[in-house]
Amino acid sequence: MIQRLSSIRLTYYSLWILVLVLALGTGLSLNQKEIFKALNHGDLYTWLAMVWQDYPLAAAWFLALGLIAVCLLANGICCCLSRQLVPARPLPLPHIRSR
């Protein structure tokens with residue numbers, strides 16, 4: 001499981017999806033400036049509850065952004081762990097013969 005989460009392919013696709021989601025967010029912010037300004041002035045839970053009812057696309061965009069961020073975080077942690085755990089394995093002891 002760690003090997004799949006630490007793959008460079010997952011990183012590559014996650015970054016491309018992040019670029020597309022951010023571009024979609026830019027397009028959304030041009031049309032709906034008040035929604036994104038409200039995000040800066042209130043807490044996140046209240047904003048999501050308000051936006052989910054009136055503008056579900058903006059709420060889905062924000063949740064997708066968070067999901068991609070969590071995916072990249074898990075990818076980075078697993079990548080670091082898999083690269084550091086391999087050299088940290090104990091070396092086998094040489095067989096010592098008794099006389």
Side-chain angles (χ1 to χ4, degrees):
M1 183 67 161
I2 289 180
Q3 289 178 346
R4 285 189 180 186
L5 282 175
S6 67
S7 72
I8 194 71
R9 184 173 286 169
L10 178 64
T11 306
Y12 179 77
Y13 288 124
S14 296
L15 287 173
W16 271 111
I17 291 171
L18 179 67
V19 166
L20 293 175
V21 168
L22 288 174
L24 178 66
T26 303
L28 283 174
S29 71
L30 293 175
N31 295 334
Q32 303 168 352
K33 291 181 182 181
E34 292 79 24
I35 296 170
F36 289 97
K37 285 183 182 180
L39 179 60
N40 293 332
H41 298 294
D43 64 309
L44 184 62
Y45 182 74
T46 306
W47 182 83
L48 272 175
M50 177 193 68
V51 171
W52 190 260
Q53 294 172 0
D54 299 331
Y55 304 99
L57 186 61
W61 169 83
F62 189 78
L63 293 175
L65 187 66
L67 182 66
I68 294 297
V70 168
C71 181
L72 281 170
L73 176 67
N75 179 254
I77 289 171
C78 289
C79 192
C80 289
L81 286 177
S82 68
R83 302 290 190 262
Q84 292 176 359
L85 288 179
V86 171
R89 290 184 189 159
L91 295 174
L93 295 175
H95 184 67
I96 300 173
R97 294 185 191 182
S98 60
R99 291 185 186 191

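Keep in mind that the numbers below use all heavy atoms, side chains included, and drop hydrogens, waters and symmetry copies. Owing to the predicted nature of the structure, the values given are computational and were not obtained by experimental measurement.
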Rounded to the nearest 0.5 Å, how far does CG of Leu10 lie from CG of Leu15?
9.0 Å
Nearest 0.5 Å, please: how far is CG in Leu28 from NZ in Lys33?
13.5 Å
Partner set under side-chain contact (heavy atoms from CB on, under 4.5 Å) for Ser29, not counting sequence neighbours:
Phe36
Closest non-hydrogen atom pair between Ala59 and Val51, with its separation
N-CG1, 3.7 Å
Hydrophobic cluster partners of Leu67 (side-chain heavy atoms under 4.5 Å)
none
Which residue pairs pass the side-chain hydrogen bond (donor to acceptor under 3.5 Å, both in side chains) test when at least one of the two sits in residues 42-71, sequence neighbours left out?
Asp43-Thr46
Name each donor-acceptor pair under 3.5 Å that joins a side chain in residues 18-26 to protein atoms two or more places apart or in another chain, with its distance.
residue : atom : partner : partner atom : Å
Thr26   : OG1  : Leu22   : O            : 3.0

Looking only at heavy atoms, which two atoms of Ser14 and Ile68 are closest? And how far apart?
O-CG2, 3.8 Å
My understanding is that only residues two or more places apart in sequence, or in another chain, count here; which of them pass side-chain contact (heavy atoms from CB on, under 4.5 Å) with Tyr13?
Arg9
Are Leu44 and Ile35 co-members of a hydrophobic cluster defined by side-chain heavy atoms under 4.5 Å apart?
yes
Should Phe62 and Leu57 be counted in the same cluster of Ile, Leu, Val, Met, Phe, Trp and Tyr side chains packed under 4.5 Å apart?
yes
Contacts of type side-chain hydrogen bond (donor to acceptor under 3.5 Å, both in side chains), residue Thr11, not counting sequence neighbours
Asn75
